[in-house]
Q: 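One structure follows; several queries about it will come next.
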Number of protein chains: 2
Amino acid sequence: MTRTGRGGKMGWRALRSELQARLASGHWGAGGRLPSETELAAEFGVSRATMNRALGALAEDGLIDRRRRAGSRVLPAPRRAARFAIPVVRDEIAATGAAYGYALIAREAGPAPDWLRARMGLGAGAQVLHILCLHSAGSVPFQLEERWISLEALPEAAGEAFRDRGPTEWLIATVPYSEVEMSFLAEGADRAWAGLLGMEAGEPVFTAERTTWWQGRAITHVRLRYRRGYRMTTRY
Amino acid sequence: MTRTGRGGKMGWRALRSELQARLASGHWGAGGRLPSETELAAEFGVSRATMNRALGALAEDGLIDRRRRAGSRVLPAPRRAARFAIPVVRDEIAATGAAYGYALIAREAGPAPDWLRARMGLGAGAQVLHILCLHSAGSVPFQLEERWISLEALPEAAGEAFRDRGPTEWLIATVPYSEVEMSFLAEGADRAWAGLLGMEAGEPVFTAERTTWWQGRAITHVRLRYRRGYRMTTRY
DNA sequence: CAGTGGTCTAGACCACCGG
DNA sequence: CGGTGGTCTAGACCACTGT
């Protein structure tokens with residue numbers, strides 16, 4: 001029996017690795033059934049709680065499917081999920097070694113356009129604060145942020161100038177925990193803002209859209225357009 | 001004290017929600033320190049193991065930072081991570097209700113180009129199988145797949161025609177568990193393949209790139225180019 | 001309805017690291 | 001050094017669901 005350390009019992013992380021290797025080797029076949037928790041626990045000489053933890057981790061990783069009474073089965077095609085860290089742009093730029101720059105370009109209150117009312121579930125005539133600003137790495141444009149904040153849900157935004165600090169950072173401090181829907185897409189740079197990113201109109205742009213709810217109400221919607229050549233990368 | 005159910009003790013999921021709500025309300029302040037596991041367990045009337053599980057979940061979600069001796073601290077800016085499910089394209093199309101269509105466009109073995117050898121860590125003169133194929137939703141192009149498979153690492157690929165089944169599905173069946181690096185980006189449609197997706201050259205395309213390793217060796221690299229208007233969306 | 005996973009408990013030991 | 005989190009154990013009860 002494989003063990004970690006010098007003869008000690010296996011921890012649940014080691015167990016997970018061991019079981020994962022066994023899955024990869026096809027030990028139980030695709031779609032096959034694993035022994036019960038109790039049996040596996042006995043085989044590896046650990047308590048059922050520990051084995052449960054290890055198997056639970058494998059299920060979270062999408063490698064097996066666990067159901068009461070039915071047992072644990074090997075998923076034929078592992079349900080893959082990629083985790084992308086969504087860093088604050090200030091940190092993302094700092095990580096490249098460049099100096100973070102922020103510039104407010106526009107800021108005005110007004111009625112929400114129809115598409116935004118639909119997306120955020122706002123009533124007719126709802127007022128929003130519309131902000132456009134640029135985050136730079138040194139003197140190079142890095143990300144163009146276009147944001148709408150519901151003044152109904154967050155009236156204190158009206159008192160913020162957003163001159164020295166981006167709305168994202170202000171929101172993080174004001175509404176720390178929230179529900180989020182996020183999309184990634186490719187779009188053509190619009191004549192209206194292509195120049196701000198140092199791009200030609202029509203050039204492909206990597207864009208992230210995010211709508212944020214707090215206590216069931218939509219607070220803000222943002223479009224983040226990234227500099228030419230930007231990639232969002234992860235390993236798993 | 002808030003409880004779930006009719007007077008029963010709280011489970012660790014309920015505990016997590018409760019603590020998350022308390023975090024959201026600013027109960028411990030940003031950067032503040034939470035009581036110890038033992039204290040919290042006593043306050044909620046659960047065992048320390050259960051409280052540990054709940055706090056561990058909050059740490060995994062990036063809401064708090066836990067360190068021995070130092071205790072649990074509220075993270076000032078929650079380290080957010082979005083999880084994107086990466087479905088098999090056949091399922092993704094089936095989910096829209098359309099019929100899945102597959103067509104092999106090209107398939108040829110040859111030496112790996114330099115950029116690919118660099119990306120996959122292949123030696124000089126390494127042979128790869130280069131495959132181009134199209135996945136359609138009904139009669140509409142959905143995703144163009146361009147893939148390279150290392151014939152050194154996976155010689156059995158040479159015997160596969162990929163005429164009825166895409167290489168992704170064959171790979172899943174052949175190399176079920178692997179390490180992956182994935183990127184999302186925006187690029188302009190190339191003259192060489194824009195037509196296959198029903199697009200004009202230069203039109204913005206949402207592209208996913210993925211390199212897959214198995215037992216420390218790069219197996220395959222793929223570029224997935226999506227139809228116009230594609231979005232990758234998640235909630236968290 | 002019986003076998004499986006899901007969870008809780010009380011106690012224990014240990015690793016880590018801040019003061 | 002001592003308090004904190006990390007983990008394991010043995011036992012227990014329960015929820016779910018396939019047969």
Side-chain angles (χ1 to χ4, degrees), chain A residues 1-20 22-23 28-29 31-76 79, chain B residues 1-20 22-23 28 31-75 79:
Chain A
M1 188 187 317
T2 307
R3 292 186 173 273
T4 55
R6 298 147 301 282
K9 282 211 186 299
M10 303 179 79
W12 69 267
R13 293 164 186 283
L15 264 184
R16 172 176 60 181
S17 302
E18 187 69 21
L19 294 168
Q20 189 165 342
R22 207 175 269 200
L23 286 170
W28 290 300
R33 179 169 162 185
L34 279 65
S36 73
E37 280 188 356
T38 316
E39 291 170 313
L40 282 171
E43 178 189 339
F44 284 92
V46 300
S47 73
R48 189 169 81 90
T50 303
M51 183 52 71
N52 176 276
R53 177 95 193 195
L55 290 169
L58 288 176
E60 257 190 50
D61 292 348
L63 297 183
I64 63 176
D65 180 46
R66 315 195 72 206
R67 262 182 290 173
R68 288 166 160 124
R69 170 72 196 183
S72 303
R73 296 197 158 275
V74 183
L75 284 176
R79 174 183 51 74
Chain B
M1 192 187 315
T2 307
R3 291 185 175 276
T4 54
R6 298 145 302 282
K9 283 214 185 297
M10 304 178 78
W12 69 268
R13 291 161 187 285
L15 264 184
R16 173 176 61 181
S17 301
E18 187 68 21
L19 293 169
Q20 189 165 340
R22 206 176 270 201
L23 285 169
W28 290 299
R33 180 169 161 185
L34 278 66
S36 75
E37 282 188 357
T38 316
E39 290 170 314
L40 282 172
E43 176 190 340
F44 284 92
V46 300
S47 73
R48 188 169 82 89
T50 304
M51 183 53 70
N52 176 278
R53 178 96 195 199
L55 289 170
L58 289 177
E60 256 190 50
D61 291 349
L63 298 182
I64 63 176
D65 180 46
R66 316 195 71 205
R67 262 181 291 173
R68 288 167 159 121
R69 169 72 193 179
S72 304
R73 298 196 155 276
V74 183
L75 283 176
R79 174 181 53 72

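Letters A, B, ... are given to chains in the order of the sequence lines, protein chains preceding strands, and every chain is numbered from 1.
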Q: Tell me: CG of B/Leu40 to C1' of C/dT9, nearest whole Å?
A: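 B/Leu40 atom CG is separated from C/dT9 atom C1' by 17 Å.
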
Q: Calculate, to the nearest 0.5 Å, the distance between atoms CG and OG1 belonging to A/Leu40 and A/Thr50 respectively.
A: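 One gets 12.5 Å once the value is rounded to the nearest 0.5 Å.
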
Q: Are more than 12 heavy atoms, taken from residues, nucleotides or ligands other than A/Arg67, located less than 6.0 Å from that residue's CZ atom?
A: no

Q: Return the value, rounded to whole Å, for the distance between atom CG of A/Leu55 and atom C1' of C/dT7.
A: 15 Å

Q: Please report, rounded to the nearest Å, how far the P atom of D/dT9 is from the CE atom of A/Met10.
A: 11 Å

Q: Counting only side-chain nitrogens and oxygens, does A/Ser36 get under 4.0 Å of the OP1 or OP2 atom of C/dG3?
A: no

Q: Using a cut-off of less than 4.0 Å, is there contact between a side-chain N or O of A/Arg66 and OP1 or OP2 of C/dG6?
A: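 For A/Arg66, the contact criterion (side-chain N or O under 4.0 Å from OP1 or OP2 of C/dG6) is met.
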
Q: Contact class for B/Ser72 (heavy atom, under 4.0 Å): base, sugar-phosphate, or nothing?
A: sugar-phosphate

Q: Once you round it to whole Å, what is the distance between P of D/dT19 and CZ of A/Arg67?
A: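 Between P of D/dT19 and CZ of A/Arg67: 10 Å.
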
Q: Could you say whether B/Glu39 or A/Trp12 is positioned toward the 5' end of DNA chain D, judged by the nucleotide with the nearest heavy atom to each?
A: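 The residue mapped nearer the 5' terminus is B/Glu39.
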
Q: Which heavy-atom pair separates A/Leu58 from A/Arg16 by the least distance, and what is that distance?
A: CD2-CG, 3.7 Å

Q: Of A/Ala70 and A/Thr50, whose nearest nucleotide on DNA chain D comes first from the 5' end?
A: A/Thr50

Q: Checking contacts here: which listed nucleotide (D/dG18, C/dT7, C/dG5) is nearest the side-chain heavy atoms of A/Glu37?
A: C/dG5

Q: Indicate, with a heavy-atom threshold strictly under 4.0 Å, whether B/Arg33 touches base, sugar-phosphate, or nothing.
A: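 Answer is sugar-phosphate: B/Arg33 comes under 4.0 Å of backbone atoms only.
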
Q: What's the CE-P distance between B/Met51 and D/dT4, to the nearest Å?
A: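 It is 15 Å, rounded to the nearest whole Å.
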
Q: Take the protein atom CD of B/Glu60 and the nucleotide atom C1' of D/dG6, then report the distance between them rounded to whole Å.
A: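 Going from B/Glu60 (CD) to D/dG6 (C1'), I get 13 Å.
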
Q: Going from CG on B/Leu19 to CG on B/Leu55, what distance comes out if it is rounded to the nearest 0.5 angstrom?
A: 6.0 Å

Q: Applying a 4.0 Å non-hydrogen cut-off, can you work out what A/Arg48 is touching in the nucleic acid: base, sugar-phosphate, or nothing?
A: base

Q: Can you tell me how far OG of B/Ser72 sits from CG of B/Asn52, rounded to the nearest 0.5 angstrom?
A: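 It is 9.0 Å, given to the nearest 0.5 Å.
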
Q: Between atom CZ in A/Arg53 and atom C1' in C/dG6, what is the gap in whole Å?
A: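 In whole Å, C/dG6 C1' and A/Arg53 CZ are 13 Å from each other.
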
Q: Where the side chain of A/Arg68 is concerned, which of D/dA15, D/dT9, D/dG18 is the nearest nucleotide?
A: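 Of the options given, the side chain of A/Arg68 lies nearest D/dA15.
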
Q: Whole-Å distance between C/dC17 P and B/Asp65 CG?
A: 12 Å

Q: Tell me whether the OP1 or OP2 atom of C/dT7 has a side-chain N or O from B/Arg13 closer than 4.0 Å.
A: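 For C/dT7, OP1/OP2 do have a side-chain N/O of B/Arg13 under 4.0 Å.
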
Q: Go nucleotide by nucleotide along DNA chain C from the 5' end; which of A/Asn52 and A/Arg69 gets its closest nucleotide reached first?
A: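 Looking at the nearest nucleotide for each, A/Arg69 comes out on the 5' side.
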
